[in-house]
Amino acid sequence: MTSHSEPDGEFVVHDLASDCTIGDVEEDLAYLATVNGVVEYGVFVDLSDHVSGLVHESTLEESYAVGDRFVVTLDQIRENGDVAFSPAGIDPEEAAVVTVDHAYEVTSVRDLDEGEEADVEGEVVQIKQTGGPTIFQIADASGIVPCAAFESAGVRAHPEIEVGDVVHANGTVELREGATQLEIESIAALTGEAEAEVRARLDAAIDDRATPHEVDPLVEWPAMEPLLADLREVATLLRRMVLEGRPIRMRHHADGDGMCAAVPLALALRRFTDEVHADDDATRHLLKRSPSKAPFYEMEDATRDLNYSLADRARHGQKLPLLLMLDNGSTEEDVPAYRTLSHYDIPIVAIDHHHPDPEAVDPLLAAHVNPYLHGEDYRITTGMLCVELARMIDPSVTEELGHVPAVAGISDRSSASAMDEYLALAGEAGYETEDVHEISDALDYAAHWLKYNAGKPLITDVLNVDCDDEARHRELVSFLAERAGRDIDVQLDAVLPHAERSRLENGAHLCRIDVEEHAHRFTFPAPGTTTGAVHDRVVEETGDDPVITIGVGPDFAVLRSDGVRLDIPRMVTELVEETTGAGVEGGGHLVVGSIKFVKGRREEVLDALVEKMSEAEIDEELSAAAHTYE
Ligand code: MN
């Protein structure tokens, strides 16, 4: 029994860790065993949770009771798996005890094969309690796999394991509804060196896999160039969220440009999520897209998002999400909502082209992409930006998105130099310029009626991204666009006879309409679109003259302008100071926006507003109709 003692003569016995299997037991070594049963022909002993065997009566020199500990060596493993031990004749009290960790070969979750027993190591990114088993989503360097452990129906298995733990799980690989799942035999949190090693491996793999794809932008456009670097950072961050099994919640402006931003991104993120997750259904839980009616993050939306996120964490064991603001999120008006979320670990990314207030929002943002931050302007629309972002996340989306930047640009009336190229690109994808306009109109119309609903299948068909029925797309778009046009005509017939026209001191035409008294309410077009349509008519009539249109409601006004250098955010700031007790607030783009006030001070606020407009400089460079957008 020389192998049981060290050179100085002290005996060494081995104590198997609870997750050790028979593969960890070596012949010739001595092991601590615990008696778990006494029978006529011997005693049954446990060496770990998974290693048990018989010590035959013929080899026993003493008698034992359940719970007694003594030292054994391996005798034999029979063909049927039964294991026999014999006493080692060592007093455990006088021996040096060495703990043996379970030695196993780790399989990447990507390489799990049905029917095989496997060991995986990774981070628990979600723990969901179903009516049956507990599902642990485990992320390793290669992907994320659901691992099921069953205690009893609806009861949380392994309550000691938490989200964020690095674990070793052993089990059998099975297919559940076509997707790989590990049926857990054992799961244990790793600690110390083993934990650090797995974490380091995981971090390195995520760093590597988060790196976005190198893609050439769809059009060569110097103005876009500095933004591409910012977008690359966001692409890295979003890919990282997917790799870490973290949900992403998108909030996009509920208009054409906002949807042209959100839909391509959702498609790219879904494809990447499918690549990372063995669970086919992962996207449904991890990716949410919701519209924002206002071009900023309303408190109502923020509290709702926060509530859902906290509920998902409690109910489905999800991590808190990253919030992705699209075609909104850059302005001071977003701050209260952002500050609400800042009480929780919810990073926020804004991709926007509204005139930004970086001092106000940047301290609250993990990333902020906005053309104004690079001396560019609204003409680079959010849809144009997000198509490039989507391609960095998953370049396979490119072929479906050829027309999307053009639709985004038309929707926001971008006069960007790249518009011709984007329209040409749409042409190559089979969309005439007229088609692009129709899609834009149809999107606005659909967005109006969808209200707070994301309308995923409908918008998919209207925008024709990830839609498999081209004919349906075309029919639907012409129907919706035609309805939109008809409804706008009906509205214009009602409102135009009541338009009040005047000329400001600076020479601009002023057109005032009352969208409360003289327009159909609670229908399409809403006050903003109505004002825009009236404005377009006036611009058409007046040729190259500067035009300002105000759509007035009981406690709000919508502004559209062409050829006048307005600075609406500044006018609002001044009005707040000058008209105390009028409750003025608002914002938007420089020359297009909206203002809210209290009903009782309406005329006073409007008079002050018109006064400021009449002082605004006329923009000689800009031709009419080149500068209206939302
Ligand atoms: Mn926009």
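Computed from a predicted model, the values in this text were never measured in an experiment. Atoms within a ligand are numbered from 1 in the order they appear, just like the ligands themselves.
The Mn ion (ligand 1) lies closest to atom OD1 when only the N/O/S atoms of Asp327 are considered. Sorting the N, O or S atoms of Asp257 by how far they are from the Mn ion (ligand 1) puts OD2 first. Closest N/O/S atom of Asp412 to the Mn ion (ligand 1): OD2.
Listed for the Asp327 side chain is no donor-acceptor partner under 3.5 Å among the backbone atoms of His253.
Sequence neighbours left out, the pairs with a member in residues 473-483 that pass salt bridge (charged side-chain N to carboxylate O under 4.0 Å, His left out) are Asp435-Arg474, Glu470-Arg474.
Taking backbone and side-chain atoms together, His253 has no N/O/S atom less than 2.8 Å away from the Mn ion (ligand 1).
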Using distance only, find each side-chain donor-acceptor pair of residues 335-343 under 3.5 Å and give its atom names and separation, not counting sequence neighbours.
unit_1	atom_1	unit_2	atom_2	d
Tyr338	OH	Gly329	O	2.7
Thr340	OG1	Pro336	O	2.8
Ser342	OG	Arg339	O	2.7
His343	ND1	Arg339	O	3.1
His343	ND1	Thr340	O	3.2

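Side-chain rings of Tyr372 and His355 approach one another, their centers coming within less than 6.0 Å.
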